[in-house]
Amino acid sequence: MSWETKRRDITGAAFGGRLQTGEWEPLDLTKAGSACRGGRCRLGQRCAINPPYDGPLPRHAAFGIAPPRSRPIMPKTAISPSRAENYPEWYQQVVKAADLAETSDVRGCMVIKPWGYALWENIQRRLDTRFKETGHENAYFPLFIPMSFLEKEAEHVEGFAKECAVVTHHRLEPDGAGGLRPAPSAKLEEPLIVRPTSETIIGATFARWVQSYRDLPILINQWANVVRWELRTRMFLRTTEFLWQEGHTVHATRAEAEEETRKMLEVYADFAENAMAMPVICGEKTAGERFPGAVSTYSIEAMMQDRKALQAGTSHFLGQNFAHAQEIKFQSQSGDIEYAWTTSWGVSTRLIGGLIMTHADDDGLIAPPKLAPAHAVILPIYKSDEERAAVLAYCQALKSELEQQHYDGEAVRVRLDDRDLRGGEKKWQWVKRGVPLRIEVGPRDVAGDSTFVGRRDSDGKGAATPRAELVAQIGQTLDSIQQALFDRARRARDEASVVIDTLADFEAFFAEGQPGGLAYCHFTEGPEMEAKCKELKVTPRCVPLQPLLGDDGPGKCLFSGAPSQRRAVFARSY
RNA sequence: CGGGGCGUAGCGCAGUCUGGUAGCGCGGCUGGUUUGGGACCAGCAGGUCGCAGGUUCGAAUCCUGUCGCCCCGACCA
């Protein structure tokens with residue numbers, strides 16, 4: 001029977017008009033292709049339609065309800081679909097389930113919710129400290145940039161012009177139909193663009209700041225929002241407006257600017273690996289992937305659990321391109337007027353997307369302790385009011401005791417969740433949010449001066465832990481979680497990394513249906529490489545700075561056969 | 001910006017083919033029973049069916065237009 005004919009039997013009155021629990025709707029379940037995808041089906045395990053299944057269904061397919069069970073059966077995992085079933089959908093569900101963000105009323109823009117924003121604040125705080133340690137100062141530049149500024153650097157225009165939001169008016173007026181419209185009389189003489197990045201406006205400012213070699217270097221960072229009118233958006237990974245940090249520096253010499261570029265890349269790499277527990281490859285972008293207007297672009301590249309690469313941070317050596325365009329000149333020690341050398345570097349809220357896709361599992365987020373909004377949550381368990389009083393008092397005391405402990409130079413962050421919610425539901429909320437440690441305390445624990453501790457990085461149910469031991473070792477425990485997350489991510493990446501020396505192997509590795517991963521290959525940029533990469537939906541991510549896999553000296557380009565000095569990492573990417 | 005899909009209660013959807021004035025699940029609230037675990041029973045609240053025209057005695061349903069969102073491509077942190 002075809003889907004279309006059967007569909008009518010099970011939708012409509014039969015289903016909408018209430019299919020009683022206990023009835024089975026005789027959808028042809030024996031056929032491959034008749035199954036519940038799970039993704040949008042909220043019946044979960046109660047749904048009679050189950051995989052195996054591997055084709056598309058027209059729409060929601062949760063028809064047919066299994067016979068009643070004595071106890072409700074919950075899905076095995078908190079997030080549905082699982083990573084294996086539908087990775088992109090899983091990602092969206094994790095963002096939602098972990099309470100990180102939600103879509104807003106504005107197209108392509110998201111609302112970052114407190115739990116997600118707390119992650120960002122932790123990212124900010126740590127990076128900001130590192131920036132200051134490396135001599136940078138924060139400043140703030142305008143959100144609006146005169147359109148003419150963007151025109152000054154040719155490649156820069158080309159790179160950003162097609163995704164700019166433009167402000168053309170400064171007043172609204174009634175449109176005569178009960179609404180509003182931009183007042184024609186209030187048209188701006190020169191349109192303003194909402195910054196997609198600030199090289200131009202900051203460059204123009206720097207031109208005024210720099211007169212003499214004595215003014216250099218200028219080392220500035222700004223935390224800001226930027227807007228890039230993307231056609232397709234995904235929470236955290238690519239939104240129309242996003243939050244980021246952009247560093248902009250000016251130097252007297254090429255060498256100094258290049259050193260700055262590398263130094264900040266190192267800061268990013270160190271942050272990614274140590275704070276986020278996300279292993280990254282530092283490398284230089286190929287010409288095709290370079291920032292518009294840059295002489296060279298460096299990036300940190302991470303591999304997500306679906307084996308696609310994510311550019312997690314960039315650092316650009318801008319040469320004198322922007323100095324020429326913006327007239328950033330200075331008088332040198334010898335009295336000559338010289339153009340300065342500039343750099344820029346940035347990371348964005350995209351890091352949170354990377355964090356999710358590196359660590360989260362089918363039960364939701366797993367926050368690495370160093371960035372977790374809370375290191376531990378205490379869940380009191382009680383029945384009667386007397387128990388409640390005793391347990392809560394114990395938990396309060398435990399909370400302050402834990403807060404006096406330190407992890408990675410910061411006080412341990414603890415939450416006590418005493419909301420009037422059922423225990424199971426409450427526990428799962430925190431699992432989905434990815435709190436590293438769950439500390440459950442009931443009357444029996446209070447009596448025994450003990451706790452029951454679950455680690456989010458393990459599948460185990462947790463273990464009884466004496467209070468004193470928990471308190472004394474919490475720093476160590478968090479550290480071991482942090483390390484375990486990094487090791488797991490590192491292992492996944494290494495398992496997906498291969499050296500490839502023939503085009504046939506390259507094609508096989510990235511063939512449809514293959515898991516893919518990171519391929520280290522000799523290359524030369526040219527039409528052959530471009531065509532093949534486009535065909536396989538692969539891009540050269542970067543040329544690693546440090547010798548990594550396949551560091552066997554010069555070789556031959558996979559695509560053209562020309563001699564090649566270095567290998568690049570190829571992967572599908574976000 | 002091309003191809004496809006979808007706008008009905010806070011969320012997920014049925015109802016549209018074959019027009020008769022709106023329903024289910026979850027969530028919310030209230031009461032009760034439970035509870036070392038993502039509970040159960042009962043009751044209540046909640047919708048000008050995206051918007052604007054048209055056809056009709058009558059439109060969620062048919063026609064035209066329009067806006068928005070999602071997916072898949074092309075482009076990108």
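Letters go in sequence order (proteins before strands), and every chain restarts at 1. What's counted below: heavy atoms across the whole structure, side chains too, no hydrogens, waters or symmetry copies.
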What integer number of Å spans the [atom1] atoms of [N] and [M]?
N     : M     : atom1 : value
B:G54 : B:A45 : C1'   : 37 Å
B:G28 : B:G38 : P     : 14 Å
B:U8  : B:A59 : C1'   : 14 Å
B:A22 : B:U30 : C1'   : 26 Å

To the nearest Å, how far apart are [X] [atom1] and [N] [atom2]?
X        : N     : atom1 : atom2 : result
A:Lys427 : B:A39 : NZ    : P     : 12 Å
A:Tyr382 : B:G36 : OH    : C1'   : 13 Å
A:Glu89  : B:G5  : CD    : P     : 19 Å

Contact list (N/O, under 3.5 angstrom) for nucleotides 42-45 of chain B vs protein:
none

inquiry  = Tell me if the centroids of the rings in A:Trp244 and A:Trp345 come within less than 6.0 Å of each other.
reply    =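 No - the distance between ring centres of A:Trp244 and A:Trp345 does not fall below the 6.0 Å cut-off.
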query = Under 6.0 Å between the ring centres of A:Phe141 and A:His248?
reply =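 Centroid separation for A:Phe141 and A:His248: 6.0 Å or greater.
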Nucleotide of [options] approaching [X] most closely (side-chain heavy atoms):
X        : options             : value
A:Pro443 : B:G36, B:G38, B:G73 : B:G36
A:Gln92  : B:C72, B:C75, B:C71 : B:C71
A:Trp428 : B:G36, B:G38, B:A77 : B:G38
A:Glu425 : B:G38, B:C76, B:G73 : B:G38

ask   = Okay, side chain of A:Arg493, backbone of A:Gln305: is any donor-acceptor separation there less than 3.5 Å?
value =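 Here the side-chain-to-backbone pair does not exist.
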key: N/O donor-acceptor pair under 3.5 Å between A:His136 side chain and A:Phe131 backbone   =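 Flag set: sc A:His136 to bb A:Phe131 pair under 3.5 Å.
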Under 3.5 Å, is there a donor-acceptor pair linking the side chains of [X] and [Y]?
X        : Y        : value
A:Ser344 : A:Glu199 : yes
A:Thr197 : A:Arg195 : no
A:Thr240 : A:Arg228 : no
A:Arg307 : A:Gln514 : no
A:Asp449 : A:Tyr394 : yes
A:Thr297 : A:Thr314 : no
A:Tyr574 : A:Asp306 : yes

Complementary nucleotide for [N] - Watson-Crick or wobble, under 3.5 Å:
N     : value
B:G2  : B:C72
B:A77 : none
B:A45 : none
B:C26 : B:G10
B:A39 : B:U33
B:U64 : B:A52
B:G19 : none

[X] near the nucleic acid: base, sugar-phosphate alone, or nothing, with a heavy-atom cut-off under 4.0 Å?
X        : result
A:Lys162 : sugar-phosphate
A:Leu237 : base
A:Thr240 : nothing
A:Glu230 : base
A:Lys96  : nothing
A:Ser348 : base

Residue closer to the 5' end of RNA chain B, A:Pro88 versus A:Gly108 (nearest nucleotide) =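 Looking at the nearest nucleotide for each, A:Gly108 comes out on the 5' side.
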message = Check for me: is A:Phe242 stacked on B:A77 by the 5.5 Å centroid and 30° plane-angle rule?
response =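 Yes, A:Phe242 stacks on the base of B:A77.
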message = B:G73, OP1 or OP2 - any side-chain N/O from A:Arg232 closer than 4.0 Å?
response =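 So the side-chain polar atoms of A:Arg232 do come within 4.0 Å of the phosphate oxygens OP1 or OP2 of B:G73, strictly under.
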ask   = So, is A:Arg228 near the phosphate of B:C76, with a side-chain N or O under 4.0 Å from OP1 or OP2?
value =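 False: A:Arg228 side-chain N/O out of range (4.0 Å or more) of B:C76 OP1/OP2.
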task = Could you identify which residues of residues 383-394 of chain A place a heavy atom less than 4.0 Å from some atom of RNA chain B, listed by residue number, or say none?
result =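 Under 4.0 Å from RNA chain B: A:Lys383.
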query = Can you list the steps and then say if A:Ser198 with A:Glu246 is a side chain to side chain donor-acceptor pair (under 3.5 Å)?
reply = CA-CA 8 Å; A:Ser198 303; A:Glu246 49 182 327; 2.6 Å; yes
inquiry  = So, under a plain 3.5 Å distance rule, would you say the side chain of A:Arg238 forms a donor-acceptor pair with the base of B:A77?
reply    =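 No, the side chain and the base share no sub-3.5 Å donor-acceptor pair.
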